[in-house]
J.: 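I'd like to ask you about the structure that follows.
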Amino acid sequence: MSIKHPIIAVTGSSGAGTSTVKNSFDHIFRREKITPAVIEGDSMHKYDRTEMKKVITDAEAKNAEHLPTHFGPENNLLPELAEIFRAYGETGRGKRRFYLHNEQEAAPYGQQPGTFTPWEEFPEHTDLLFYEGLHGAYVGDEADVVQHADLAIGVVPVVNLEWIQKIHRDTEGRGYSVEAVTHTILRRMHDYVNHICPQFSRTHINFQRVPIVDTSNPFISRDIPTLDESLVVIRFRDYHGIDFPYLLNMIHDSFMSRPNCIVVPGGKMGLSMELVLSPIILDMMEKKWKRSSSK
Ligand SMILES: Nc1ncnc2c1ncn2[C@@H]1O[C@H](COP(=O)(O)OP(=O)(O)O)[C@@H](O)[C@H]1O
Ligand SMILES: O=C(COP(=O)(O)O)[C@H](O)[C@H](O)COP(=O)(O)O
């Protein structure tokens, strides 16, 4: 946790929509002239695509009970991620890299898809660290990542929708077959339950998109349910101080489902995120700037 150099961690499973949610944060950052240092969670994978395939193949040859996955702590640099958070919170500095998922991402670097870019310094003079990925609220034997996050957000669509989104993105954008993506989902189930899901009990706010159309068989769904074909449950771990009357007034057709949960129409997800997150982020920045001016 840091007033001088705040850290926002957006966590979601693969295909949950964290990259998409980043757009809402970008609107807030642009409007409030906030410069984030961005780090993507898949840059903290331990292995590149070729190495990971070998790790999996070797485990299959040994009839391992649980096959290695990108969700598991043993295949990610989580102590290093916690250290990046800690150091940024203290100094506003640090290093990052990128994982290049496809040709489009890899071309600017002259590298192959499935590889990491070299480590580089965060840009200078950033106002906060913004993480989006699989392990922003992770706590385990290896590392406690979430302790360093000032604001931990969960992006947690109901799982049938998450699988539809992942299948759509991985087939359309990463060249995988539906069968290969389905196999990956199955292989990751143990680590999903034990390492991804527990994080959403630690996050300050979760955004859970719920489709109101049939997603009974996500493995044959042709399209991703649109925003207007869904609702969003916004859950606050600590709802004291949240101005629900204001949100209910500003977000048409919203309603409270529990004292800590407001439900909004899917089409209002972007507006709702900005209404909920802007005051929190602005408060962070006010404390930061007050502290730096009082030095
Ligand atoms: N709110 C949303 N409405 C419609 N499609 C979405 C939404 N959020 C994500 N998607 C789609 O789901 C897929 C996965 O989203 P992405 O942001 O890449 O997930 P992640 O980065 O968490 O793996 C993408 O095809 C994206 O367009
Ligand atoms: O799933 C993820 C991360 O979740 P997401 O990128 O969906 O947020 C892995 O980074 C990719 O699967 C990498 O594996 P591959 O090299 O097979 O693409």
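None of these values were measured; they are calculated from a predicted model. Counting convention: from 1, in listed order, for ligands and their atoms alike.
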J.: Under 3.5 Å, which donor-acceptor pairs link side chains of residues 255-265 to any protein atom two or more places apart or in another chain?
T.:
residue	atom	partner	partner atom	Å
N260	ND2	F236	O	3.2

J.: Answer with yes or no after comparing the ring centroid distance for H101 and Y99 against a 6.0 Å cut-off, counting only values under it.
T.: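 H101 vs Y99: aromatic centres under 6.0 Å.
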J.: Per the salt bridge (Lys or Arg N to Asp or Glu O under 4.0 Å) rule, what does the pair list look like for residues 207-236, sequence neighbours excluded?
T.: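 Residue pairs with at least one partner in residues 207-236: there are none.
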J.: Got the closest protein heavy atom to atom 21 (O) of ligand 1, with its distance?
T.: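 Protein heavy atom with the smallest distance to atom 21 (O) of ligand 1: S19 OG, 2.5 Å.
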J.: Which heavy atom of the protein is the closest neighbour of atom 19 (O) of ligand 1, given with residue, atom name and distance?
T.: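 Checking every protein heavy atom, the shortest distance to atom 19 (O) of ligand 1 gives G17 N, 3.0 Å.
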J.: Got the closest protein heavy atom to atom 4 (C) of ligand 1, with its distance?
T.: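 For atom 4 (C) of ligand 1, the nearest protein heavy atom comes out as R209 NH2, 3.5 Å.
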J.: Need the ligand 1 atom indices (1-based, order shown) with element for anything under 4.0 Å from a heavy-atom of H168.
T.: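 Those qualifying, in numeric order: 25 (O).
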J.: Considering non-hydrogen atoms of the protein only, which is the closest contact for atom 6 (C) of ligand 1, and what is the distance?
T.: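 The closest heavy atom on the protein side is Q165 OE1, 3.6 Å.
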J.: Is it true that the side chains of S14 and Y192 contain a donor and an acceptor less than 3.5 Å apart?
T.: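 Distance-only check fails for S14 and Y192.
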J.: Could you establish whether G15 and ligand 1 come within less than 4.0 Å of each other, counting only heavy atoms on the residue side?
T.: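 G15: in contact with ligand 1 (<4.0 Å).
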J.: Under a 4.5 Å side-chain heavy-atom rule over Ile, Leu, Val, Met, Phe, Trp and Tyr, are V155 and I185 clustered together?
T.: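 No: no chain of side-chain contacts under 4.5 Å links V155 to I185.
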J.: Once you restrict to heavy atoms under 4.0 Å, what part of I224 touches ligand 1? Side chain, backbone, both or neither.
T.: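 The answer is the side chain.
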J.: For residues R31 and S278, is any side-chain donor paired with an opposing acceptor at under 3.5 Å?
T.: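 A pair is found: one side chain offers a donor N or O, the other an acceptor, under 3.5 Å apart.
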J.: With a 4.0 Å heavy-atom cut-off (strictly under), which part of E172 contacts ligand 1: side chain, backbone, both or neither?
T.: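 Contact part for E172 vs ligand 1: neither.
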J.: Please give the N or O to N or O pairs under 3.5 Å between ligand 2 and the protein, distances rounded to 0.1 Å.
T.:
residue	atom	partner	partner atom	Å
ligand 2	1 (O)	S14	OG	2.9
ligand 2	1 (O)	R188	NH1	3.3
ligand 2	1 (O)	R188	NH2	3.0
ligand 2	4 (O)	S14	OG	3.3
ligand 2	6 (O)	D42	OD2	3.4
ligand 2	6 (O)	R174	NH1	3.2
ligand 2	6 (O)	R174	NH2	2.9
ligand 2	7 (O)	S14	OG	2.7
ligand 2	7 (O)	G15	N	3.4
ligand 2	7 (O)	R169	NH1	3.2
ligand 2	7 (O)	R169	NH2	2.5
ligand 2	10 (O)	H45	NE2	2.7
ligand 2	10 (O)	H101	NE2	3.3
ligand 2	12 (O)	R188	NH2	3.1
ligand 2	16 (O)	R49	NE	2.6
ligand 2	16 (O)	R49	NH2	3.2
ligand 2	16 (O)	Y99	OH	2.3
ligand 2	17 (O)	Y176	OH	2.6
ligand 2	18 (O)	R49	NH2	3.1
ligand 2	18 (O)	Y176	OH	3.4

J.: Quick test: of every protein heavy atom, which one is nearest to atom 18 (O) of ligand 1, and how far off is it to 0.1 Å?
T.: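 It is R169 NH1, 3.1 Å.
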J.: Could you check whether F25 and F130 have their ring centres less than 6.0 Å apart?
T.: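 Yes, the ring of F130 comes within the 6.0 Å limit of the ring of F25, centre to centre.
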J.: With sequence neighbours left out, which residue pairs that include part of residues 110-127 fulfil the salt bridge (Lys or Arg N to Asp or Glu O under 4.0 Å) condition?
T.: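 Found R93-E121, K95-E121, R96-E120.
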J.: Which atoms of ligand 1 are found less than 4.0 Å from any heavy atom of S13?
T.: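 Listed by number with element: 22 (O).
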J.: Is the closest basic N to carboxylate O distance between K62 and D58 below 4.0 Å?
T.: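 Judged by the 4.0 Å cut-off on N to carboxylate O distance, K62 and D58 do not form a salt bridge.
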J.: Should E132 be counted as touching ligand 1, given the test is an N or O pair under 3.5 Å?
T.: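 Looking only at distances, the answer is no, because the N/O contact criterion of under 3.5 Å is not met.
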J.: Relative to the heavy atoms of L227, which atoms of ligand 1 are at a distance of less than 4.0 Å?
T.: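 Those qualifying, in numeric order: 1 (N), 3 (N).
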J.: I'd like to know if E90 and R86 make a salt bridge, using a cut-off of under 4.0 Å between side-chain N and carboxylate O.
T.: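 The answer is yes: the pair qualifies as a salt bridge.
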J.: Can a donor-acceptor pair be found between the side chains of D48 and T115 at a distance below 3.5 Å?
T.: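 Their side chains do not contain a donor-acceptor pair, so the 3.5 Å distance test is not met.
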J.: Between ligand 1 and T20, is the shortest N or O to N or O distance under 3.5 Å?
T.: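 Indeed, backbone or side chain, T20 has an N or O that close.
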J.: Regarding Y109 and E105, do their side chains bring together a donor and an acceptor under 3.5 Å, going by distance alone?
T.: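 No, no side-chain donor-acceptor contact under 3.5 Å.
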